[in-house]
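Heads up, the thing below is written out as structure tokens.
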Amino acid sequence: MFTYAIVRTPAATLTEGISMANLGKPIYPLALEQHAAYIRALRACGVAVTVMEPDPAYPDSCFVEDAAVLAERVAVITNPGAESRKGEERAVEEVLRRFYASDQIQHIHAPGTLEGGDIMRVGECFYVGLSERTNPEGARQFREILREYGYTVREVQLNEMLHLKTGLAYPENGILLTAGEFAGHPLFRDFKTIPIDPLDAYSANCIWVNGTVLVPAGYPATTARIEAAGLTVLEVDTSEFRKLDGGLSCLSLRF
Ligand code: CIR
């Protein structure tokens, strides 16, 4: 269960964020509205939300998930792989110092790079995607840190997706949502897999929050499949974040 979440209000420079989506620029006032609704959804799931101030120097900084990886016993501050995002992690670390003791805070150091979107937790195991943003050295450091705190790590090579959780979500209960290059992946054959339609691939990025699965609004087939698996769904509109390849998981750190 999660007690806390950290989010960061999008800055007006959000419109300059990194994007491969080809969906145009986000509409800033609408992004702010959607962000506020996202916070309400987290609170409705029973977590206390810390809202960080926006930082216009970092257009992508509302995607706080990439700046840290959190577990009960350790917080790993990342070194983002995208040049324009390096440094976002410092403000996130400051906030995390309210929740974690100094000896529970560890760092990924250059030349290692790692972004939280490449980490998917399943119980005591953390899957780490090797992507354009997370390099083998970052994954190696992550493995060493996690081992020290009693967790295990498994690596997954990415070939197409931005981040591991761009195409995968674990809504607990042994269930895995899979899209794109992860559909039928041998590493995940022991899960009860819910395949996401290729045209709805964006909606694979869902989050489990204390018994409720937050699903992006506008993907009825995905919602129906998750509900058919016996899970409770809450839809949240993230259309403006999608324009920057950002989804539900990217917008918060949950712990
Ligand atoms: C980026 O390219 O870094 C941002 N525009 C989107 C980050 C999405 N984060 C995530 O999937 N964890």
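One-based numbering, in listed order, for ligands and for the atoms of each.
Of all atoms in ligand 1, numbered sequentially from 1 with element shown, those under 4.0 Å from a heavy atom of H163 are 9 (N), 10 (C), 11 (O), 12 (N). Taking every non-hydrogen atom of G117 and a distance limit under 4.0 Å, the qualifying atoms of ligand 1 come out as 12 (N). For ligand 1 and E65, the ligand atoms under 4.0 Å from any heavy atom of the residue are 10 (C), 12 (N).
Between E94 and R97 there is no salt bridge, since no side-chain N of the basic residue sits under 4.0 Å from a carboxylate O of the acidic one. Between E240 and K243, at least one side-chain N (NZ, or NE/NH1/NH2) sits under 4.0 Å from a carboxylate O, which counts as a salt bridge. In this structure, R133 does not pair ionically with D118, as no charged nitrogen and carboxylate oxygen lie closer than 4.0 Å.
In terms of polar-atom proximity, L244 is counted as a contact of ligand 1, with an N or O under 3.5 Å from an N or O of the ligand. For ligand 1, the polar-atom distance check finds no N/O of E115 at less than 3.5 Å from any of the ligand's N/O atoms. Among the atoms of R85, some N or O lies under 3.5 angstrom from an N or O of ligand 1. Residue-to-ligand polar distances keep S249 apart from ligand 1: every N/O pair is separated by 3.5 Å or more.
For D66, the heavy-atom gap to ligand 1 drops under 4.0 angstrom. The closest approach between any non-hydrogen atom of R133 and ligand 1 is below 4.0 Å.
Taking the six-membered ring for Trp, F188 and Y127 have ring centres closer than 6.0 Å.
Both the backbone and the side chain of I18 come within 4.0 Å of ligand 1, judged by heavy-atom distances.
Annotation: cation-pi pair R242/Y202 present, NZ/CZ under 6.0 Å from the ring centroid and within 45° of its normal.
In plain terms, the two heavy atoms of L114 and G138 that are nearest each other are CD1-O, 3.7 Å. Scanning all heavy atoms of the two residues, the minimum distance from D66 to G117 falls at OD1-N, 2.9 Å. When all heavy atoms of K165 and N205 are compared, the pair lying nearest together is O-ND2, 2.8 Å.
The nearest heavy-atom contact from the protein to atom 4 (C) of ligand 1 is D60 OD1, 3.2 Å. The closest protein non-hydrogen atom to atom 8 (C) of ligand 1 is C250 SG, 3.4 Å.
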